Q: 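Below you will find the structure I want to go over with you.
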Amino acid sequence: MKALTLKMPVRYAINTVLLALLLLAGSALLSAGVFGRAQTSVIMQIGVYIILAVSLNVATGYLGQLPLGHAGFMAVGAYAGAILWKALPEGSLSAVAGIIFGGITAAVFGLIIGIPALRLKGDYLAIITLGFGEIIRIAIVNLSGITGGAPGLKKIPKYSNFTLVYICVILTCVIIHMFMKSRHGRAILSIRENEIAAESCGVNTTYYKVMAFTASAFFAGIAGTLYAGNQGIIAPSEFGFLKSIDILVMVVLGGMGSMIGSIVSAAVLTALPLFLQSSLKGFNDYRMIIYSLLLILVMIFKPSGLFGTYDFSLSFLIEKLGVKKSAKGEKQDGAKA
Amino acid sequence: MAQRHDPRLPILAERDLGKTPVIECKKLGIDFGGLTAVDDFNITVGQTEIAGLIGPNGAGKTTIFNLLTKVYLPTRGSMYLNGSDTRDMNTIAANRAGIARTFQNIRLFKELTVLENVLVGLHNKMSYKLPEAVLRLPSYWREERKTREKALDLLSIFDMQDLHGAKAGSLPYGSQRRLEIVRALATDPIILLLDEPAAGMNPSETGELMKNIIKIRDTFHIAVLLIEHDMHLVMNVCEVVGVLNYGRLIAKGSPKEIQDDPLVIEAYLGKKGET
Ligand SMILES: Nc1ncnc2c1ncn2[C@@H]1O[C@H](COP(=O)(O)OP(=O)(O)O)[C@@H](O)[C@H]1O
Ligand SMILES: [Mg+2]
């Protein structure tokens, strides 16, 4: 039995409508005051971590590298965006400018690190990004004139509202999805699968490695800026190695190479500790132990992560439902890109 | 893609050795530490020629493929691709200049579908840029559709077009080998290197493969250089054969000449006969 396949424009239309409805529903609930202040902040954080996990997934799941400094790019984006926000007059245009600036600054750092690290074959990227994450933190502490130093950068305009975070999450996911379902995305996947074979097919492997890594850094930077706009105050200690590991755990648990996996596990692993923290005293002290155990369990029972490389779209649900209805009907083959 | 070969014409009519050779190696050699894996290797492969490289295990055949595709850089000697020096090329440039290959130990993109494997081969045949892809501009749709059709066309050489949605890693061994050939062909080469294409195939699959190697040469007007242990295949498909032993060419000639060469019988065929 063949599955019903919708034509691409129809899929896009369905997805757009569903996403717009979700946005409206979310905004309505928030403005109706259903969620308290703390809960609203958690929802915002979930959005930030979804962007972080989905962007790290580009470098780990799709490209097959192991960067250990994602929090470093988040920090670069957070500080760059926040500093620009503070310099610009208040307004929604400034909000957008700060986010883009945060992303681009992080991408520039990604490019600077990626070019030397990715030209070499082997796992140099892990070590170099590990060092980068630490260096960034120290640099932020020492550049206290601009960054506020160890105590942190204060009085950041709180631009990150539900609509803005939501739109950034959706744009990130959609852009990465479109990117991966193209010749560029296939080139990146082919490098993960077999680098020598990719080269033998004429794929410029260094170029695409750097492209994927830079894209990953770009979106991490955007997440960083949104994070700053949600907290109002950021300190370098928040962007340490453990933060990078937190994000990596989300990607690995969700399934490397699965966007929906990254989204779900980012949402769960962001919300759960925040709720448990208030009910279960001292949870945070054991968080890393619990994560480690979780990871070991996943590695034993489902090494590919909870979702494997399975990917998902909203219109897919409708296709699934359509299978039963049109079990006999001839399917329409849309251009599957 | 060029016009089809007229099946009534003899195979040898396709040979065109008057032109610049597709590949010419001059005193090519490589050492791994103290070990000389290949030495003083000289061959030319003509346009649309099917050439074979045989020799016992460890003779250095795969190493020669790795030299031709710039996976290894030679310690000595030079190599010309369609008349131009390949000194400054890397693997990627060598492919773009017209060398495509398969691997002895299959290197497919296992988690990708059959179609996607071929599409990676066609990567450089598409030209849309990243923004065009992300914004799904008409150029993206146009090129993707056209390339997809081309990929299915290529898969139909081996009658694999219906498998396009299957994961490459899930295919049976023989199909994986065939898919590797299709992926290599997708890069639009002037010479195709096949490293033991019949390994692991049963006699009927090998027979099919033999026909297809000739069909590929006749359809695409490209040269083929193949490494193979199956003597039946080598003797019936190759127009010229080189025999390698301990990294050196010990004989070169038509399959008939090779078969009767006492050196070859001693080094290779003789050995085989004993076991
Ligand atoms: N990367 C390498 N490093 C060291 N030795 C190698 C390498 N590649 C091949 N060799 C050696 O070169 C010789 C030829 O190997 P190979 O070309 O694979 O043989 P064949 O394909 O004819 O069976 C072998 O002795 C092998 O061990
Ligand atoms: Mg070999």
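It should be emphasised that the depicted structure is a prediction, and the values quoted were computed from it without experimental measurement. Below, chains carry the letters A, B, ... as their sequence lines are ordered, and counting in each starts from 1.
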Q: With a 4.5 angstrom heavy-atom cut-off, is it the side chain or the backbone of B:Ser127 that approaches chain A, or both, or neither?
A: backbone
Q: Tell me which of these, A:Cys201, A:Ala187, A:Gly185, A:Ala197, has more heavy-atom pairs under 4.5 Å with chain B than the rest.
A: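 Counting heavy-atom pairs under 4.5 Å, the top option is A:Cys201.
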Q: Heavy-atom pairs under 4.5 Å with chain A - which of B:Glu143, B:Arg101, B:Lys129 has more of them than the others?
A: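 Winner by heavy-atom pair count: B:Lys129.
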Q: Check whether B:Phe109 forms a cation-pi arrangement with A:Arg186 (NZ or CZ under 6.0 Å from the six-membered ring centre, at most 45° off the ring normal).
A: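 Output no; distance or angle outside limits.
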Q: Using 30° and 60° as the class boundaries, would you call the ring planes of A:His184 and A:Phe179 parallel, tilted or perpendicular?
A: tilted
Q: Go through B:Thr147, B:Thr69, B:Asn124, B:Leu130 and name the one with the most non-hydrogen pairs under 4.5 angstrom from chain A.
A: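 So the answer, after comparing B:Thr147, B:Thr69, B:Asn124, B:Leu130, is B:Leu130.
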Q: Is a donor from one side chain sitting under 3.5 angstrom from an acceptor on the other, for B:Arg96 and B:Asn90?
A: no
Q: Using non-hydrogen atoms and a 4.5 Å limit, figure out which bit of B:Lys70 sits close to chain A: side chain, backbone, both or neither.
A: neither
Q: So what's closer than 4.5 Å to chain B heavy atoms on A:Tyr208: side chain, backbone, both or neither?
A: side chain
Q: Among A:Asn194, A:Leu189, A:Ile175, A:Val203, which has the most heavy-atom pairs under 4.5 Å with chain B?
A: A:Asn194
Q: Please tell me whether B:Thr75 and B:Asp31 have a donor and an acceptor in their side chains that are separated by less than 3.5 angstrom.
A: no
Q: Can you tell me which portion of A:Met180 sits under 4.5 Å from chain B's heavy atoms? Options are side chain, backbone, both or neither.
A: neither
Q: Got more than 12 heavy atoms from elsewhere within 6.0 Å of CZ, B:Phe41?
A: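 Counting neighbours around CZ of B:Phe41, more than 12 heavy atoms of other residues, nucleotides or ligands fall under 6.0 Å, so yes.
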Q: Between B:Leu135 and chain A, which part of the residue has a heavy atom less than 4.5 Å away: side chain, backbone, both or neither?
A: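 The answer is neither part of B:Leu135.
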Q: Please walk me through it: do B:Thr102 and B:Arg177 pass side-chain contact (heavy atoms from CB on, under 4.5 Å)?
A: CA-CA 8 Å; B:Thr102 64; B:Arg177 287 219 171 275; 5.6 Å; no
Q: Between B:Thr187 and chain A, which part of the residue has a heavy atom less than 4.5 Å away: side chain, backbone, both or neither?
A: side chain
Q: I'd like to know whether OH of A:Tyr207 has more than 12 heavy-atom contacts from other residues, nucleotides or ligands below 6.0 angstrom.
A: no
